[in-house]
Asks: 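Right, I'll just put the structure down here and ask away after.
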Amino acid sequence: QVQLVESGGGSVQAGGSLTLSCAASEYTYLMAWFRQAPGEEREGVATIYGISATTYYADSVKGRFTISRDNAKNTLYLQMNSLNPEDTAVYSCAAAYSHKWPPFLPENFAHWGQGTQVTVSS
């Protein structure tokens, strides 16, 4: 079973940028980033599919965040630009071995990292 370890979280001022990484112990076809703010439901942020590298983004982050992966290194990335306080959340990496649809259902992902905190101040 794949092990996932996130890194790169921290604190940043509004308008700033941050890059998250997720190191996976082996290749998985589908990977995604989810986030959960205090008192809120977990929401999908971005997903990327293994063959075509097709990406999907939540409307709230589209144009600001970029998901990418380095399959040779089994590493997933999330480049976050133009951050605002509403982006404050625990960000978690998730993985699935096969094709899943739709892309933002947590139940489609059996493997999760521990999460990394992102805090954006005004």
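Computed from heavy atoms alone, side chains included, the values below leave out hydrogens, waters and symmetry copies.
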Asks: CE of M31 to CG of N71: how many Å apart, nearest 0.5 Å?
Replies: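 The CE atom of M31 sits 9.0 Å away from the CG atom of N71.
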
Asks: Test your reading of the model: is there a side-chain donor-acceptor pair from T119 to the backbone of S11, 3.5 Å cut-off?
Replies: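 No.
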
Asks: Measure the acute angle between the ring planes of H111 and Y97, then classify it against the limits of 30° and 60° as parallel, tilted or perpendicular.
Replies: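 Judged by the thresholds at 30° and 60°, the geometry between H111 and Y97 is perpendicular.
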
Asks: Does some side-chain heavy atom of M80 sit less than 4.5 Å from a side-chain heavy atom of Y91?
Replies: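 Y91 vs M80: side chains touch.
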
Asks: Closest heavy-atom contact between L20 and G9?
Replies: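 For L20 and G9, the tightest heavy-atom pair comes out as CD2-N, 3.6 Å.
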
Asks: To the nearest 0.5 Å, what is the distance between OH (Y77) and SG (C22)?
Replies: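 One finds 10.5 Å between OH of Y77 and SG of C22.
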
Asks: For the OG atom of S21 and the CG atom of L76, what is their distance to the nearest 0.5 Å?
Replies: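 Output value for this atom pair is 8.5 Å.
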
Asks: Is there a path of hydrophobic side-chain contacts, each under 4.5 Å between heavy atoms, that joins F109 and V2?
Replies: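 No, no single cluster joins them.
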
Asks: Please say yes or no: joined through hydrophobic side-chain contacts below 4.5 Å, possibly via intermediate residues, are W33 and L30 part of one cluster?
Replies: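 No, W33 does not connect to L30 through the hydrophobic network.
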
Asks: Between A89 and A37, what is the shortest heavy-atom contact and its length?
Replies: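 Minimum heavy-atom separation between A89 and A37: CB-N, 3.8 Å.
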
Asks: Checking W112 against F34 for the ring pair (Phe, Tyr, Trp, His ring centres under 6.0 Å) test, could you report, in this order, the C-alpha distance in whole Å, the side-chain angles of both residues, the deciding distance, and whether it holds?
Replies: CA-CA 10 Å; W112 296 81; F34 289 79; 5.0 Å; yes

Asks: Is the shortest heavy-atom distance from the side chain of R35 to the side chain of E43 under 4.5 Å?
Replies: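 Yes, side chains in contact.
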
Asks: For E6 versus Q114, what's the shortest heavy-atom pair and its separation?
Replies: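 Scanning both residues completely, I find the closest heavy atoms to be OE1-OE1, 2.6 Å.
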
Asks: Output yes when a side-chain donor or acceptor of T88 lies under 3.5 Å from a complementary backbone atom of E86, and no otherwise.
Replies: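 No, T88 side chain to E86 backbone: no donor-acceptor pair under 3.5 Å.
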
Asks: Side chains of N81 and S17: do they bring a donor and an acceptor to under 3.5 Å?
Replies: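 Per modelled atom types, N81 and S17 side chains form a pair under 3.5 Å.
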
Asks: I need the L18 CG to Q13 CD distance, nearest 0.5 Å.
Replies: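 L18 CG to Q13 CD: 12.5 Å, rounded to 0.5 Å.
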
Asks: Please tell me if the side chains of V90 and R42 come closer than 4.5 Å, counting only heavy atoms from C-beta onward.
Replies: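 No - every pair of side-chain heavy atoms lies 4.5 Å or more apart.
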
Asks: Ignoring hydrogens, what is the shortest heavy-atom contact between S122 and A14? Give both atom names and the distance.
Replies: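 So the minimum-distance heavy-atom pair works out to CA-CB, 4.2 Å.
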
Asks: Check V45, T47, I48, I67 against Y56 for a side-chain contact (heavy atoms from CB on, under 4.5 Å) and give me the one that passes.
Replies: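 So, applying the side-chain contact (heavy atoms from CB on, under 4.5 Å) to Y56 and each of V45, T47, I48, I67, only T47 qualifies.
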
Asks: Check T28 against A95 and note the closest heavy-atom contact, atom names and distance.
Replies: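 Looking at all heavy atoms of both residues, the closest pair is OG1-CB, 3.4 Å.
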
Asks: Calculate, to the nearest 0.5 Å, the distance between atoms CG and OH belonging to L78 and Y57 respectively.
Replies: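 That separation rounds to 7.5 Å.
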
Asks: Show the nearest heavy-atom pair for residues Y27 and G50, with the distance to one decimal.
Replies: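 Shortest heavy-atom separation between Y27 and G50 comes out as OH-CA, 3.5 Å.
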
Asks: Checking the side chain of N84 only, and the main-chain atoms of G15 only, is there a donor and an acceptor separated by less than 3.5 Å?
Replies: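 Here the side-chain-to-backbone pair does not exist.
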
Asks: Could you tell me the separation between the CD atom of Q3 and the CD atom of E26, rounded to the nearest 0.5 Å?
Replies: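 The CD atom of Q3 sits 9.0 Å away from the CD atom of E26.
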
